[in-house]
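Written below as structure tokens is the structure these notes are about.
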Number of protein chains: 2
Amino acid sequence: MGTHFRGTAAQVRALDAYIKLQRAAESVGARVCAHLATDALTVGQFGVLEALLHLGPLCQRDLGAKLLRTGGNMTMVGDHLEARGLVARRRDARNRRFVTVALTAAGRRLIARVFPRHAAAIAHELAALRPQEQVALGRLCRRVGRGKPAE
Amino acid sequence: MGTHFRGTAAQVRALDAYIKLQRAAESVGARVCAHLATDALTVGQFGVLEALLHLGPLCQRDLGAKLLRTGGNMTMVGDHLEARGLVARRRDARNRRFVTVALTAAGRRLIARVFPRHAAAIAHELAALRPQEQVALGRLCRRVGRGKPAE
DNA sequence: GGATAATGATTCAAGCTTAAACGATACGAG
DNA sequence: CTCGTATCGTTTAAGCTTGAATCATTATCC
């Protein structure tokens with residue numbers, strides 16, 4: 001998986017790590033999320049349900065911030081989940097700009113059933129690394145994701 | 001960035017590493033690719049141009065395999081690049097099922113100008129890790145991306 | 001208190017992405 | 001050679017995603 005790129009040693013090293021990071025995230029993500037089709041859930045929909053399960057009701061702004069998505073996206077995903085009866089949306093009484101999204105009973109049942117499958121799939125994929133290596137991967141990802149300088 | 005999830009220690013560890021992997025790839029990818037807007041290129045379009053630059057002309061099937069994208073996607077991205085005069089498509093004479101995609105002179109000029117910027121952005125982001133850590137990250141990503149068992 | 005600015009949600013246009021269905025082409029068994 | 005199968009590209013429908021524009025609501029400043 002060399003890069004076929006002629007540049008400085010530092011550039012080649014960074015490029016190589018970057019490509020592997022992107023491809024790993026994409027490949028593992030696709031394999032992990034394959035089971036979502038069983039319940040006709042998209043990755044975005046699953047993300048919203050999971051956030052609501054583990055964090056409780058949230059306004060769409062906070063939901064978007066958590067999931068790194070735009071407000072317009074939250075509106076659309078919320079529309080679909082609401083149409084399926086999995087979430088309920090309600091204007092906040094104190095500040096009528098906010099729309100609070102919460103799981104319905106059906107939504108809670110669904111995500112409570114789907115999430116363990118998801119966690120199991122992740123554990124299965126990450127079993128390619130020893131526990132200590134999983135921790136190391138997490139640490140490196142966190143640092144590069146934050147975007148802080150090296151020293 | 002804890003997971004708010006109650007499961008076995010192994011599951012929590014895997015989930016934590018998985019989330020950090022996905023978020024790192026997303027955050028770093030977004031920052032790295034921000035410069036593409038300068039030339040009105042999407043990530044998918046850039047990927048095709050870059051593959052053609054470093055690998056030479058390819059049929060759409062191989063292009064899709066390289067970029068982990070479907071054939072339908074290659075057709076659409078190819079349409080847009082062709083409309084902009086950045087690539088040329090030609091039926092293979094020997095096997096008329098294949099369509100070979102190649103850079104035009106304009107396409108080559110563009111990607112030759114854009115790619116160094118991209119490599120520089122990647123080097124800048126990866127500078128959050130020391131060289132040795134970049135290599136370690138690449139190795140871990142490669143192993144987990146491959147999906148092979150641990151030992 | 002009233003004008004102005006900021007914020008949250010929605011809508012829209014554009015493009016990406018996939019899966020499935022389809023047509024054209026090539027290959028292989030008989 | 002011919003029929004059946006496999007492969008490649010295209011099309012289509014559905015949904016995701018973004019950025020920009022817009023509307024309603026709230027906060028701020030004088």
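Here is the naming used below: chain letters follow the sequence lines, and residue numbers restart at 1 for every chain. Model, not experiment: these values are computed from the prediction. Excluded from the calculations below are hydrogen atoms, water molecules and symmetry mates; all remaining heavy atoms, backbone and side chain alike, are included.
- End-to-end axis angle of the helix from C:dG1-D:dC30 to C:dG30-D:dC1, from C1' rotation axes over five pairs per end: 20° (rounded to 10 degrees).
- For B:Pro116, the side-chain contact (heavy atoms from CB on, under 4.5 Å) test picks out no residue, with sequence neighbours left out.
- Remark: B:Asp62 pairs with no residue by the salt bridge (charged side-chain N to carboxylate O under 4.0 Å, His left out) rule, at least two apart or across chains.
- B:Asn95 has its CG atom 11 Å from the P atom of C:dT25, to the nearest Å.
- Between A:Arg61 and the phosphate of C:dG8, there is a side-chain N or O to OP1/OP2 separation shorter than 4.0 Å.
- Judged as a ring-ring contact (aromatic ring centres under 6.0 Å, His included), and not counting sequence neighbours, the contacts of B:His35 are B:His118.
- A donor-acceptor distance shorter than 3.5 angstrom exists from the side chain of A:Gln134 to the backbone of A:Leu129, with no hydrogens or angles considered.
- Residues meeting the salt bridge (charged side-chain N to carboxylate O under 4.0 Å, His left out) test with B:Asp39, sequence neighbours left out: B:Arg113, B:Arg117.
- First and last contacting nucleotides of DNA chain D toward chain B (any atom under 4.0 angstrom from a heavy atom, 5' to 3' order): D:dA6 to D:dT11.
- In terms of the side-chain contact (heavy atoms from CB on, under 4.5 Å) criterion, residue partners of A:Arg84 (sequence neighbours excluded) are, by chain and number, A:Ala40, A:Leu41, A:Gln45, A:Leu86, A:Leu110.
- Residues A:Leu15 and B:Leu126 fail the side-chain proximity criterion, which asks for heavy atoms closer than 4.5 Å.
- Shown here is B:Arg108, whose CZ atom has no more than 12 heavy atoms of other residues, nucleotides or ligands within 6.0 Å.
- The shortest distance between side-chain heavy atoms of B:Cys141 and A:Leu137 falls below 4.5 Å.
- Looking at A:Leu68 and B:Arg23, their side chains come closer than 4.5 Å, going by heavy atoms from C-beta outward.
- For B:Phe115, the ring-ring contact (aromatic ring centres under 6.0 Å, His included) criterion is met by A:Phe5, B:His54, not counting sequence neighbours.
- Under the salt bridge (charged side-chain N to carboxylate O under 4.0 Å, His left out) criterion, B:Arg69 pairs with A:Glu26, sequence neighbours left out.
- The side-chain contact (heavy atoms from CB on, under 4.5 Å) search around B:Ala136 returns A:Leu140, not counting sequence neighbours.
- A:Phe98 has its CZ atom 10 Å from the P atom of C:dT7, to the nearest Å.
- The stretch residues 32-39 of chain A has no heavy atom under 4.0 angstrom from DNA chain D at all.
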Given protein heavy atoms under 4.0 Å, the one-letter contact record of nucleotides 10-19 of chain C, with B base, S sugar-phosphate only and - none, is simply BB---SBBBS

